Amino acid sequence: MNKDLSLITIIVVVVILLTQSIYLFMDARKHSHNYWLWGIVGLIQAPMPTLFYLIFVRKIFQRNKPKKGDSYNDDCYD
C-alpha cells in the first residue's frame with residue numbers, strides 16, 4: 001500500500017464514490033434515463049459525473065418554459 005494514502009482517506013473516497021453512484025442510479029431510474037450507465041460512471045470519479053448528469057441529462061439550469069395551459073400564455077383578448 002502506498003504510504004501517501006492513509007486508510008481514512010481511502011475510506012472517505014470510497015464513501016463519496018458509492019454515495020454518488022447510488023444517487024445517480026436511483027435518480028436516473030426514477031426519471032427513466034440509462035440508470036446502469038450513470039451508476040457505473042458514478043463509481044469512476046467525483047464530482048464530474050453528477051454535474052454532467054444534472055446539467056445535460058436532467059437540464060436543471062434550463063429556463064422554465066410556459067406550459068400550454070398557463071393563463072398568461074393564452075391568446076384570448078378581452
Side-chain angles (χ1 to χ4, degrees):
M1 190 159 126
N2 193 354
K3 294 181 183 180
D4 295 338
L5 296 175
S6 67
L7 184 60
I8 303 284
T9 305
I10 294 173
I11 291 172
V12 168
V13 168
V14 167
V15 168
I16 289 171
L17 290 175
L18 281 175
T19 303
Q20 173 183 263
S21 179
I22 291 169
Y23 168 75
L24 289 174
F25 181 85
M26 299 298 281
D27 196 64
R29 189 174 184 190
K30 183 170 71 172
H31 293 287
S32 300
H33 294 294
N34 196 354
Y35 53 91
W36 281 107
L37 171 76
W38 287 107
I40 292 170
V41 169
L43 286 172
I44 297 172
Q45 73 177 43
M48 293 310 291
T50 302
L51 294 175
F52 285 151
Y53 175 76
L54 292 175
I55 292 171
F56 297 115
V57 176
R58 290 281 308 275
K59 299 177 183 161
I60 61 170
F61 295 117
Q62 191 176 34
R63 289 185 187 172
N64 291 334
K65 295 180 182 177
K67 294 181 180 150
K68 195 172 188 177
D70 288 344
S71 62
Y72 58 87
N73 196 23
D74 289 342
D75 289 329
C76 58
Y77 298 101
D78 292 335

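Model, not experiment: these values are computed from the prediction.
Atoms NE2 and OH, from His31 and Tyr53 in turn, are 5.5 Å apart once rounded to the nearest 0.5 Å. Atom OH in Tyr23 sits 5.0 Å away from atom CG in Leu54 (nearest 0.5 Å). Taking CD1 of Ile11 as the start and CD1 of Ile16 as the end, the distance is 12.0 Å to the nearest 0.5 Å.
Checked by atom type and distance alone, the side chain of Gln20 pairs as donor or acceptor with a backbone atom of Gln45 at under 3.5 Å.
Taking each heavy atom of Leu43 and Leu17 in turn, the nearest pair found is O-CD1, 3.7 Å. The two atoms that bring Gly42 and Ser21 nearest to each other are C-CB, 3.9 Å, heavy atoms only.
Heavy-atom contacts from other residues, nucleotides or ligands closer than 6.0 Å to CG of Leu51 number more than 12.
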Exercise for review: Please lay out, stage by stage, how Asp27 and Arg58 fare under the test side chain to side chain contact (heavy atoms under 4.5 Å, CB included).
Suggested key: CA-CA 10 Å; Asp27 196 64; Arg58 290 281 308 275; 2.5 Å; yes
Review point. Can you check side chain to side chain contact (heavy atoms under 4.5 Å, CB included) on Trp38 and Val57, steps first, answer last?
Key: CA-CA 10 Å; Trp38 287 107; Val57 176; 3.3 Å; yes
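Neither Tyr35 nor Leu24 shares a network with the other; the hydrophobic side chains, linked directly or stepwise wherever heavy atoms of I, L, V, M, F, W or Y lie under 4.5 Å apart, form separate groups for each. Following chains of ILVMFWY side-chain contacts shorter than 4.5 Å, one can reach Phe25 starting from Ile22, so the two form part of one hydrophobic cluster. Under a hydrophobic-cluster definition in which Ile, Leu, Val, Met, Phe, Trp and Tyr are linked whenever side-chain heavy atoms come within less than 4.5 Å, directly or via other members, Leu37 and Met26 are assigned to different clusters. Grouping the Ile, Leu, Val, Met, Phe, Trp and Tyr side chains by contacts below 4.5 angstrom, directly or via other members, places Met48 with Phe56.
Remark: Ile44 pairs with no residue by the side chain to side chain contact (heavy atoms under 4.5 Å, CB included) rule, at least two apart or across chains.
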